[in-house]
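One structure is given below, encoded as structure tokens.
Please read these numbers as outputs of a predicted model, since none were measured by experiment. Counting starts at 1 for both ligands and their atoms, following the listed order.
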Amino acid sequence: MLIIITKDYNELSKRAADIINIEINNKPGLRLGLATGSTPIGMYKELIKEYKEKKIDFSSVHAFMLDEYYPIKKSDKNSYYFYTHEKFLKHVNIKKSNLNILEGETKNPNKFCNEYDKKIRKNPLDLQILGVGVNGHIGFNEPGSSNQSKTRVIKLTENTRKINSRFFKHINKVPKNALTIGIGTIMKSKKIILLANGKNKASAIKHLIEGKIDKNWPITTLKNHKNLVVILDKEAARLIK
Ligand code: GLP
């Protein structure tokens with residue numbers, strides 16, 4: 001595990017974007033897993049800037065969504081489909097045909113998730129970007145998720161719904177379920193970059209770096225990954241010895 005502690009969120013975002021830039025330049029056709037949440041927004045801004053400066057070309061990149069609420073309409077401002085387009089995709093040259101989405105409107109989520117999982121396992125992602133929930137979830141793999149888990153429908157904890165309700169008009173509007181790439185499938189990625197900023201992530205980060213592998217802290221499974229880069233700001237790193 002490589003741990004990078006940055007001075008602030010801007011530096012964190014820049015470091016993450018720099019690694020992505022190098023990986024894309026090194027491997028045409030890179031398979032890239034896109035994270036959601038507020039944490040990677042700065043990284044996406046930096047990637048867009050580098051794209052506009054012609055320092056990066058996404059034309060051969062294959063992008064994969066990591067998670068999505070369920071059910072949710074693509075047009076809903078809180079869908080991760082909407083987020084991914086607004087914050088990133090509409091500003092860069094990732095081809096539509098190279099975009100793999102988790103479909104919040106599907107009528108058959110189990111079948112959909114099985115097929116999505118097979119698509120990834122057949123040819124694992126080269127680089128997965130991750131944030132982390134306050135409770136240590138990665139993607140929407142909530143505490144208790146198996147470290148072998150596949151892409152599936154998951155019931156969100158009330159705690160996650162409450163934390164994420166900041167983006168919705170009311171907590172009642174937060175979907176009760178989600179679709180997420182499983183932890184086992186995430187672990188197949190050749191490289192993972194995990195980003196965390198702010199003091200409310202410090203406990204999850206301490207579990208990752210100093211704790212044992214524990215189902216109640218899904219992030220801890222990443223300890224076993226051979227090529228994990230953790231990029232933190234000072235606050236997220238504050239509990240590490
Ligand atoms: C959300 C998403 C995760 C994200 C995490 C942290 O619920 N499902 O993919 O990593 O929670 O979000 P944020 O970056 O807004 O703190």
Side-chain angles (χ1 to χ4, degrees), residues 6 8-10 12-13 16-17 32-46 63-72 76-84 86-88 100-104 109 113 116 120 125 127-145 149 151-168 171 173-183 185-187 189 192-205 207-208 217-222 228-233 235-237:
T6 58
D8 57 21
Y9 180 69
N10 282 344
L12 173 151
S13 303
L32 175 67
L34 299 175
T36 51
S38 41
T39 310
I41 290 177
M43 174 197 82
Y44 289 132
K45 279 192 182 147
E46 183 61 32
F64 292 78
M65 280 175 63
L66 170 67
D67 51 9
E68 178 60 287
Y69 291 105
Y70 187 78
I72 199 159
D76 189 317
K77 284 202 178 80
N78 282 305
S79 76
Y80 287 163
Y81 177 87
F82 193 88
Y83 166 104
T84 308
E86 284 303 303
K87 306 287 182 215
F88 184 47
N100 299 270
I101 66 167
L102 275 169
E103 177 63 81
C113 287
Y116 196 81
I120 296 178
L125 302 187
L127 177 59
Q128 174 68 64
I129 313 300
L130 293 176
V132 59
V134 175
N135 65 359
H137 70 219
I138 47 174
F140 265 134
N141 291 284
E142 293 280 39
S145 295
S149 54
T151 305
R152 68 202 184 289
V153 186
I154 187 153
K155 189 174 176 341
L156 295 176
T157 62
E158 281 312 301
N159 184 37
T160 294
R161 291 185 68 238
K162 206 167 141 197
I163 291 170
N164 288 10
S165 68
R166 68 191 192 277
F167 301 112
F168 291 77
I171 186 158
K173 303 270 182 210
V174 183
K176 295 218 158 70
N177 297 291
L179 312 177
T180 186
I181 298 186
I183 300 180
T185 315
I186 289 173
M187 289 295 284
S189 310
I192 297 176
I193 301 177
L194 180 121
L195 307 175
N197 70 299
K199 59 180 191 303
N200 63 347
K201 303 295 172 69
S203 178
I205 294 304
H207 277 86
L208 168 66
W217 287 93
I219 190 175
T220 57
T221 305
L222 299 175
L228 171 67
V229 182
V230 180
I231 311 182
L232 308 171
D233 74 346
E235 290 190 326

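None of Ile193, Asn197, Thr39 except one satisfies the side chain to side chain contact (heavy atoms under 4.5 Å, CB included) rule with Ile231; the exception is Ile193.
With hydrogens left out, the protein atom closest to atom 8 (N) of ligand 1 is Asp67 OD2, 2.8 Å, a heavy atom. For atom 12 (O) of ligand 1, the closest non-hydrogen atom on the protein side is Gly37 CA, 3.9 Å. Taking atom 11 (O) of ligand 1 as the reference point, the nearest protein heavy-atom neighbour is His137 NE2, 3.1 Å. Looking from atom 2 (C) of ligand 1 to the surrounding protein, the closest heavy atom is Tyr80 OH, 3.4 Å. Of all protein heavy atoms, the one closest to atom 16 (O) of ligand 1 is Lys201 NZ, 2.7 Å. In terms of protein heavy-atom proximity, atom 14 (O) of ligand 1 is nearest to Thr39 OG1, 2.5 Å. Atom 15 (O) of ligand 1 has as its closest protein heavy atom Ser38 OG, 2.6 Å. Scanning the protein for heavy atoms near atom 4 (C) of ligand 1, the closest one is Thr36 O, 3.9 Å.
Between the side chain of Ser165 and the main chain of Ile171, no donor-acceptor pair closer than 3.5 Å is present. Distance alone, capped at 3.5 Å, places no donor-acceptor pair between the Thr220 side chain and the Leu208 backbone. Checked by atom type and distance alone, the side chain of Glu68 never pairs as donor or acceptor with a backbone atom of Leu179 at under 3.5 Å. No donor-acceptor pair under 3.5 Å is formed between the side chain of Gln128 and the backbone N or O of Ser189.
Residue contacts with ligand 1 for Tyr69 are absent, since no atom lies close enough (heavy atoms, distance under 4.0 Å). With a heavy-atom cut-off of 4.0 Å, Val132 touches ligand 1 through its backbone alone.
Residue nearest to atom 7 (O) of ligand 1, selected from Ile129, Leu156, Asn164, Ile219: Asn164 (by heavy-atom distance).
Of the N or O atoms in Thr160, none lie within a sub-3.5 Å distance of an N or O in ligand 1.
Residue Gly139 places a heavy atom less than 4.0 Å from ligand 1. Assignment of Arg166 to the shell around ligand 1 is supported, since a heavy atom sits closer than 4.0 Å.
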TODO: Show your reasoning for whether side chain to side chain donor-acceptor pair (under 3.5 Å) applies to Asn164 and Tyr69.
DONE: CA-CA 11 Å; Asn164 288 10; Tyr69 291 105; 3.0 Å; yes
- [ ] Might you work through the side chain to side chain donor-acceptor pair (under 3.5 Å) test for Thr185 and Arg152, ending with a clear yes or no?
- [x] CA-CA 11 Å; Thr185 315; Arg152 68 202 184 289; over 6 Å; no
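Between Phe167 and Tyr83, a ring centre-to-centre spacing not shorter than 6.0 Å is recorded.
Classification of the Phe140-Tyr80 ring pair by plane angle, with boundaries at 30° and 60°, yields parallel.
Residue contact check: Gly131 has heavy atoms under 4.0 Å from atoms 10 (O) of ligand 1.
Counting heavy atoms from C-beta on, the side chains of Tyr116 and Glu103 never come closer than 4.5 Å.
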